[in-house]
Every structure is written in C-alpha cells, then in structure tokens.
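Okay, so here's the structure we're looking at.
Both backbone and side-chain heavy atoms feed into the values below; hydrogens, waters and symmetry mates do not.
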Amino acid sequence: MTTSSSERGVSLGMPELPAPAYPDDVRARLETDAREIIARYPDSRSALLPLLHLVQSEEGHVTRTGMRFCADMLDLTTAEVTAVATFYTMYRRGPSGDYQVGVCTNTLCAVMGGDAIFESLQEHLGVGNGETTEDGKVTLEHIECNAACDFAPVVMVNWEFFDNQTPASVKALVDDLRAGRPVTPTRGAPLCTFKETARILAGFPDERDGAVAAGGSAGPASLAGLKLAKGEASAARVVHPRDGGPHDASQDRAVHDPSPTEHLSSHDAPQDTSASDPSHPAGPTAEEGE
C-alpha cells in the first residue's frame, strides 16, 4: 500500500492559492476602520503597522486574508506586507489564546526568577513556548526585556504589567484567567482580551470606563531617581567610587584627584597603561609566550 505525497506531508513545490477574502460584511466594517487609520498618515504605506493590529483584532492573529486586506488597502504587494508581519513578534502568525502570557527571561528578570517562573508555567499549563492551552485561553511565551527591570521578575499579560512575580503567583494568575475570574495588573490599564488589545494598538480609543485614567505609567521604583534629581526626596547615602566610604551627596561636591595607587572606577577617563605606553612605570607588556 502506498501513500500520496500530500498524505506524507511532502510539498511538490506548487504555488499557494491566493488567500480568501473577508466576508462582505466583515470587509465593509474593516474598510471603514482602515480608512480612518490611513487618513492619519501623509504616506499611506506608513499605516501598515496599525493596519496589521487591526486585522489581528479580527481573528486574534494575522491571517493570510488579513495580509491580503492590508495589501489591497495600501496598494502594496502581499510580499511586502508579509515581510513586515513576520518581522515583528507582536503580530501572531497562528491562532493564539485570549491572554498572551509573556515571561521576561532577559538577564535581570532571569536571575531574579524569570527562568523558574517560565519553567513552572510550562509544567503547570502543559504547553511549551508559543503554545496555547487546550481551552484556548492562555498562550505562553518567553519574551525579551519589558523595560521594567526595577520590578523584576516581570510577567506581562496582553502587554499589561504584573510585577515582582513568583512561580506561585503566576500559577494563581493563569488559573484565574482560565476560570474567567477578574485579574488586575500591578499597574496600568485594566486587563482586556488580546483581540481588544490589538484594536487599541491599532489606534482606536479604549472606551471602557476608567481605562484611560488608569493607563500605564511608571511605578514608584522607576521614578525614584527622577524624584531625587528634582529634590523631591532626601539626599541618598552613596558609596564613594574611590575609597568605598559613605558620603552625603549634598556635601560631596569637590572633585577628587586620585593618587596613582588608588583604584580607578569604570567611570574614569581612559588611563595610560603599560600596554599603551612603553614608558609606563609598570614597563611594557610582554608579548604572549615571552
């Protein structure tokens, strides 16, 4: 008994058929929104990124039909649209969950527990990176820096912040999401579904009561340095970069000229070394092997 090439999953190199169009009612609705987006830009092709968010809000990911729609509206080729849609990770290329749960595994979050959080969620949800739970509620992924290192380890759900997380807290978080229980981000706007988030990212207003007023702003940890610079906080006790002793920032104004024996910090100007100056007291650096 033999199997056909299609049954074996073998491609014969046949060109892919054109993507189907949206149903007439869907297309008419999207065209109205698309024209509003395009009108914001002097060059229509500049509207491609928000248009991709718009079509993503329709089906939860960017489909071939959605890319064809963007190409038609902007007079681009589908290849041009595909090149953009596949470059940015915020555009999903396949069906995904109502809630995108992203665990930061970049350097600081990782060492503060991000790796442990991600591993615990994979086991708890029974999915791998980029996979979705069977109920279609949660898509798990590890992501790069969320620009919230002062709250590490950070988890984001549909781009809203959940700071200072632990394996136990994120398990409770995803359980609540799957059960439909209310979930409140640490800071920023109230949580909504991924489709709703995509429409907001396309540039349409968030019409939920109180959502705009609660919009994402920097947390207290992020603003500590700014408040200090404005004199809104008491002067900090800092470790002096030369001798390691504490100094009052308000009193320590004199420029310190270190002696040749003092350790120089990484903030000092480049110094002549034995490698760069043969007349340096330490003498020239010997070549390897000498």
Side-chain angles (χ1 to χ4, degrees), residues 40 49-50 89-90 100-118 142-170 172-173 182-192 197 200-201 203-273:
R40 303 171 190 161
L49 294 182
T89 57
M90 289 181 74
Q100 304 281 329
V101 176
V103 182
C104 181
T105 54
N106 213 330
T107 307
L108 185 56
C109 278
V111 300
M112 294 293 288
D115 285 339
I117 288 173
F118 185 67
H142 72 78
I143 51 181
E144 293 300 324
C145 184
N146 287 315
C149 302
D150 35 2
F151 298 98
V154 174
V155 172
M156 296 196 85
V157 180
N158 294 349
W159 311 116
E160 298 295 347
F161 287 103
F162 290 80
D163 303 320
N164 302 310
Q165 294 298 296
T166 66
S169 68
V170 293
L173 169 62
V183 171
T184 303
T186 307
R187 50 199 165 94
L191 194 64
C192 58
T197 300
I200 295 170
L201 290 174
F204 293 97
D206 188 342
E207 298 178 348
R208 296 173 297 158
D209 290 340
V212 175
S217 60
S222 302
L223 298 175
L226 179 62
K227 288 183 177 180
L228 180 62
K230 290 182 175 181
E232 298 175 5
S234 59
R237 300 283 293 181
V238 299
V239 177
H240 197 274
R242 308 294 182 194
D243 57 14
H247 294 256
D248 273 312
S250 59
Q251 299 174 356
D252 190 14
R253 302 300 184 192
V255 177
H256 176 64
D257 186 18
S259 70
T261 60
E262 284 186 292
H263 173 71
L264 299 174
S265 78
S266 60
H267 301 288
D268 293 305
Q271 304 292 315
D272 287 336
T273 66

For residues P167 and V170, report the shortest heavy-atom separation together with the two atoms involved. O-CG2, 3.3 Å

Partners of F162 by ring pair (Phe, Tyr, Trp, His ring centres under 6.0 Å), sequence neighbours excluded? none

Inter-residue atom distance E207.CD - I200.CD1, 0.5 Å rounding: 9.5 Å

Kindly compute the distance separating SG (C104) from CD (Q165), expressed to the nearest 0.5 Å. 12.5 Å

Are T89 and E144 packed together at the side-chain level, in the sense that at least one heavy-atom pair is separated by less than 4.5 angstrom? no

Would you mind reporting whether V157 and V183 have side-chain heavy atoms less than 4.5 Å apart? no

Rounded to the nearest 0.5 Å, the SG atom of C149 sits from the CG atom of N106 at a distance of 7.5 Å

Looking only at heavy atoms, the pair that brings R187 and E160 closest together is O-OE1, 4.2 Å

Looking at CG of L226 and CD of E232, how far apart are the two atoms once the value is rounded to the nearest 0.5 Å? 7.0 Å

Distance-only, no hydrogens or angles: does the T186 side chain make a donor-acceptor pair with backbone N or O of D163 under 3.5 Å? yes

Here the pair of heavy atoms bringing A110 nearest to D115 is CB-OD2, 3.7 Å

N146 side chain to V155 main-chain N or O, any donor-acceptor pair under 3.5 Å? no

Spacing of I117 atom CD1 and M112 atom CE [to the nearest 0.5 Å]: 10.0 Å

Which heavy-atom pair separates F118 from H142 by the least distance, and what is that distance? CE1-N, 3.6 Å

Heavy-atom nearest pair, P153 first then G113, reads CB-C, 4.3 Å

Does Q100 form a side-chain contact (heavy atoms from CB on, under 4.5 Å) with T197? I'd like the steps, not just the answer. CA-CA 10 Å; Q100 304 281 329; T197 300; over 6 Å; no

